[in-house]
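Right, one structure below, let's go through it.
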Amino acid sequence: MAKIEKDRTRELRELGGYSLLRYLWRLLTSMRTALILLLLLGLASIPGSIIPQRTQNPFQVQDFFEANPSISPWLDRFYLFDVFGAPWFSAIYILLFVSLVGCLLPRLNHYRRAIFERPSKPPQTFENSQGFSQLDGDMDRVIEWLKKNRYRFERFDGAISAEKGYLKEFGNLLFHLSLLLILVGIAMSSLFGMRGEAIVNEGERFINTPVAYDNISPGRLYSLDSMQPYRIDLNDFTAKYNPITNQALDYELKVTIRDDTDAKAREGVIRVNRPLTFGASRVFLQATGYSVLVTVRDSSSVVTFQGPVPLLPQDPNLTSAGAIKVPDMNPGIGFVASFIPTIERDPVRGAFSSFPEPLDPHLLLAAWQGDLGMDEGKPQSIYRLDTTKMERIALISMKPGESFDFKVGSITFDGYLPWVNIQVIHDPGKRPALIGGFLALFGALGMLFIHRRRIWIRLSNEGDNNFLEVAGVATSGEEKLLEDLASLKEFLSERVNEGKGN
Amino acid sequence: MGNRSMAFLSNDLIYSAIVVFALAFIFHAIETAWSVRIGEGRNLDRSRTERLARNATGLIFLADLILLAGLITRGLSAERLPLGNMYEFSITGAFAFTTAYLIALKKFQIRWLGLFVAAGALLTLGTAVTLLYVESAPLVPALKSPWLVIHVSAAIISGGIFLLANSIAAIYLILEKIEGKGARGNWSARLPSLDALDQLTYRLIALVFPLWTFSIIAGAIWAEAAWGRYWGWDPKETWSFITWVAYAAYLHARVTAGWKGKKAAWLCLIAGSTFLFNYIYVNIWGTGKHTYSGL
């Protein structure tokens with residue numbers, strides 16, 4: 001006895017657990033929950049547009065931290081600087097899509113059966129249905145109209161049941177399934193995608209290998225070995241600016257492209273909206289700035305440093321700043337460099353650029369001597385000079401071609417050239433996402449503009465007087481049903497009048 | 001700078017359009033007021049105001065044409081479509097809004113809405129010329145794309161229809177309140193029934209939802225070509241997504257959850273305000289890649 005009792009309680013408990021799961025599944029896949037999750041998704045994305053986001057502008061996040069030191073760590077704890085990668089954000093959309101699948105599966109199954117179903121028998125009485133009317137006419141004529149209007153119909157004893165608008169549900173299902181496809185695309189973009197950036201001087205070449213990038217962020221499942229080794233020679237870069245507003249008008253980069261290191265070369269042009277395409281990878285022109293060409297010699301005129309040094313733009317007029325490091329001299333020499341394409345001086349701001357093109361270019365340098373700190377193995381920014389263990393020995397302003405002698409050597413400003421920031425993005429998910437987007441659009445059109453409606457027609461009589469009873473039902477778009485009924489009425493009366501005329 | 005004279009001509013045309021919209025507004029206001037006084041009980045003598053109303057519609061049509069001419073000359077002066085900054089979005093938006101009304105007028109009995117349409121156009125144009133005006137100029141490189149036309153015009157037309165649907169939802173809520181206190185007053189007796197207003201709002205939103213979806217897709221395609229990613233949760237993108245979600249919720253609430261009337265109208269207003277917020281906040285105070293307002 002005791003054993004049986006025990007088994008039963010276990011059975012009950014198991015049943016309880018199972019029905020709880022079933023209850024939760026029903027709850028999750030109910031329309032109400034889906035609706036709430038949808039609204040929640042909208043609400044959840046609001047903080048992402050108000051609080052600065054790391055994925056978009058990490059510097060702004062830093063500024064925010066400095067301005068609000070007390071609340072920022074708390075905001076960070078709740079992922080408010082990474083809203084769109086936050087676990088709670090993912091939780092909402094994953095639940096929403098699970099709910100969506102839960103809604104769709106039974107509907108898909110139902111639709112699969114409904115496609116082949118014949119219209120069901122009309123109700124016994126339909127006087128109270130939409131658009132009920134009594135009309136003169138005969139059944140053959142009704143069938144003619146139904147065929148002309150592409151209704152699916154079924155004859156019953158003295159009655160016809162006709163139905164139209166099966167594509168509405170198709171549109172509905174297509175729309176929601178396409179949203180899943182978009183989600184798959186987004187997942188593929190982030191898992192199998194890659195993005196990288198490299199600053200390349202005009203006249204140099206870029207070969208697509210991991211080492212060519214200044215920074216590279218591959219997706220979790222992206223293989224760095226699979227990179228296509230295409231080669232791009234940056235032949236000529238031109239930037240045009242509006243002489244009044246200083247706004248950029250056009251960027252154009254002429255390139256020579258080889259799909260493989262030893263493939264045939266072809267010419268090409270990259271513009272802002274016109275990237276180069278290699279399969280699912282695209283090469284974008286992202287930003288531009290100036291590199292300065294300098295030669296540094298020691299006191300015995302031996303060249304200790306030569307070459308282009310890229311500087312970073314500081315404002316829209318391309319005042320550019322950076323560092324020139326010469327570790328091969330003893331003690332080390334470094335320069336804090338600032339290149340000004342069109343120089344203007346102001347008592348408050350000092351020297352600044354008034355136009356992005358090099359109309360009156362100057363190189364301003366602060367020369368430092370001492371320990372550059374490059375031997376300690378700590379990673380250093382190439383754009384910044386660590387002057388903590390150094391001593392300033394000169395302030396220099398030069399035009400192209402000029403030289404300057406400082407205590408232990410000299411520097412020559414040979415010239416300048418533009419660099420471009422090449423951005424390479426590999427995104428195998430964009431195609432599924434795009435296809436999903438357009439399918440969703442078509443689905444939405446079908447879902448919103450096709451209306452499911454049913455019409456019943458029955459032969460009836462009062463004494464010797466035969467007539468038709470007509471009515472219908474529409475789950476949406478009642479006007480469409482009433483329009484159809486009016487059209488049917490007109491079609492029938494045409495024949496009646498013809499008959500009378502003859 | 002032969003283009004400058006074209007730009008000045010455009011400004012003159014926009015100002016003229018404002019004057020004609022103001023006239024249309026006055027006509028509609030007189031017509032509304034007049035029909036109230038004439039009525040005996042709730043039966044209004046429409047025949048006397050009908051002509052005035054038709055004249056008002058004619059004025060809106062005329063103003064719309066002048067506005068179109070203003071848009072074309074603005075485009076010619078900058079040698080591109082007038083969709084490059086917030087001033088141009090606003091005047092194009094006002095054109096889309098009034099044109100949507102005029103087209104809808106052919107199908108639905110919504111001449112009574114003319115008063116609000118004229119007022120809406122006046123406000124939009126007034127803000128544009130006083131606060132948002134910038135000199136006509138060519139585009140920054142990222143905006144040089146055929147997708148500019150496709151994406152922005154779809155967004156502007158959607159905006160015009162959203163605004164129209166929202167005006168109707170707002171009128172619905174006001175009338176609902178009035179009817180709650182008893183019979184409608186004379187001035188509102190000539191407006192359609194609550195049910196018709198509710199239906200009209202739904203139809204407009206069902207009409208515009210696919211267009212808004214398309215405008216987001218077109219934007220994503222362009223973003224992919226210009227910035228390398230089709231979606232990056234830039235504030236403008238985030239808010240257009242929120243608007244999309246809000247209107248999707250509206251359609252769901254109506255079709256599957258059976259919401260009607262007051263609840264649906266409020267949801268419509270909330271969705272519409274996300275669109276306005278996107279337009280105003282993100283363009284003027286926001287950061288991100290979509291801030292081309294020139295302010």
Side-chain angles (χ1 to χ4, degrees), chain A residues 31-32 34-36 38-39 41-43 45-46 48-50 52-53 55-57 60 83-84 185-186 189 193 195 239-240 242 244-245 247-251 271-275 282-286 423-425 427 429-430 433-434 437-438 440-442 444-445 447-449 475-476 478-479, chain B residues 135 137-148 199 203 205-207 209-211 213-214 216-217 220-222 224-239 241-246 248-249 251-257 267 271 274 278 281-282 286-289 294:
Chain A
M31 204 56 182
R32 233 171 89 103
L35 205 57
I36 290 171
L38 188 63
L39 281 173
L41 189 65
L43 276 179
S45 40
I46 291 177
S49 72
I50 292 166
Q53 297 294 299
T55 46
Q56 280 164 27
N57 201 337
Q60 256 186 350
V83 167
F84 303 105
I186 292 172
S189 296
R195 58 173 53 219
K240 284 191 199 121
N242 184 323
I244 296 161
T245 61
Q247 213 177 40
L249 294 177
D250 202 8
Y251 299 120
R271 289 170 193 277
V272 171
N273 274 311
R274 298 261 304 277
R282 291 184 110 175
V283 181
F284 294 85
L285 184 61
Q286 230 225 346
Q423 190 181 37
V424 177
I425 293 171
D427 188 346
K430 65 188 174 193
L434 181 66
F438 273 107
L441 185 62
F442 287 123
L445 288 173
M447 165 178 90
L448 292 167
F449 297 120
T475 42
S476 67
E478 197 187 337
E479 315 83 35
Chain B
E135 290 278 339
L139 288 174
V140 296
L143 286 178
K144 281 187 183 155
S145 161
W147 287 103
L148 171 73
Q199 268 296 323
R203 279 203 181 185
I205 289 173
L207 179 79
F209 185 75
L211 187 63
T213 310
F214 172 73
I216 294 178
I217 296 172
I221 295 172
W222 183 17
E224 197 276 329
W227 305 322
R229 84 288 185 290
Y230 53 89
W231 193 264
W233 296 109
D234 170 87
K236 191 118 208 166
E237 293 168 352
T238 307
W239 279 94
F241 171 72
I242 294 171
T243 304
W244 189 85
V245 162
L251 291 175
H252 258 254
R254 266 199 80 108
V255 176
T256 42
L267 194 51
T274 66
N278 196 357
Y281 168 82
V282 178
T287 56
K289 290 176 181 277

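What you are looking at is a predicted structure, and each value in this text was computed from that prediction instead of being measured. Letters A, B, ... are given to chains in the order of the sequence lines, protein chains preceding strands, and every chain is numbered from 1. These numbers come from the heavy atoms of this one structure, side chains and all, not from hydrogens, waters or symmetry mates.
- Side chains of B/T213 and B/W244: a donor on one and an acceptor on the other come within 3.5 Å.
- Counting all heavy atoms, side chain and backbone alike, B/G228 lies closest to A/F284 at CA-CZ, 3.1 Å.
- Contacts between A/I186 and chain B at a heavy-atom distance below 4.5 Å involve backbone atoms as well as side-chain atoms.
- Interface remark: B/F214 contributes backbone and side-chain atoms alike to the contact with chain A (heavy atom separation under 4.5 Å).
- No donor-acceptor pair under 3.5 Å is formed between the side chain of A/Q423 and the backbone N or O of A/Q286.
- Only the side chain of A/F449 has a heavy atom closer than 4.5 Å to any heavy atom of chain B.
- Residue contact with chain B, scored on non-hydrogen atoms closer than 4.5 Å, is absent for A/A34.
- Both the backbone and the side chain of A/L38 come within contact range of chain B, each with at least one heavy atom under 4.5 Å from a heavy atom of that chain.
- Scored by the side chain to side chain donor-acceptor pair (under 3.5 Å) test, B/T238 finds no partners at all (sequence neighbours excluded).
- Interface summary for chain A: among B/A253, B/A246, B/A249, B/A248, the most heavy-atom pairs under 4.5 angstrom belong to B/A249.
- The contact between B/W233 and chain A is made by backbone and side chain atoms together, counting heavy-atom distances below 4.5 Å.
- In this structure, the portions of A/S45 lying under 4.5 Å from any heavy atom of chain B include both its backbone and its side chain.
- Between B/I217 and A/G437, the shortest heavy-atom contact is CD1-O, 3.1 Å.
- Ranked by heavy-atom pairs under 4.5 Å with chain A, the first of B/F209, B/F241, B/Y230 is B/Y230.
- Interface check for chain B: of the options A/P52, A/G48, A/S49, the most heavy-atom pairs under 4.5 Å are formed by A/S49.
- When heavy atoms are compared at a cutoff of 4.5 Å, A/R32 does not approach chain B at all.
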side-chain contact (heavy atoms from CB on, under 4.5 Å) assessment of B/D234 paired with B/R229: CA-CA 11 Å; B/D234 170 87; B/R229 84 288 185 290; 3.8 Å; yes
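- In this structure, the portion of A/E479 lying under 4.5 Å from any heavy atom of chain B is its side chain and not its backbone.
- The contact between A/I46 and chain B is made by backbone and side chain atoms together, counting heavy-atom distances below 4.5 Å.
- Contact annotation for B/A206: both backbone and side-chain heavy atoms come within less than 4.5 Å of a heavy atom of chain A.
- Contact of B/I216 with chain A is not made at all, since no heavy-atom distance falls under 4.5 Å.
- The shortest heavy-atom contact between A/S189 and A/D427 is OG-OD1, 2.7 Å.
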Candidate pair A/Y251 and A/R271, rule side-chain contact (heavy atoms from CB on, under 4.5 Å), full reasoning: CA-CA 6 Å; A/Y251 299 120; A/R271 289 170 193 277; over 6 Å; no
Pair A/R282-A/I425, side-chain contact (heavy atoms from CB on, under 4.5 Å): steps then yes or no: CA-CA 5 Å; A/R282 291 184 110 175; A/I425 293 171; 5.5 Å; no
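- In this structure, CD1 in A/I36 is found 14.0 Å from CG in A/L41, a value given to the nearest 0.5 Å.
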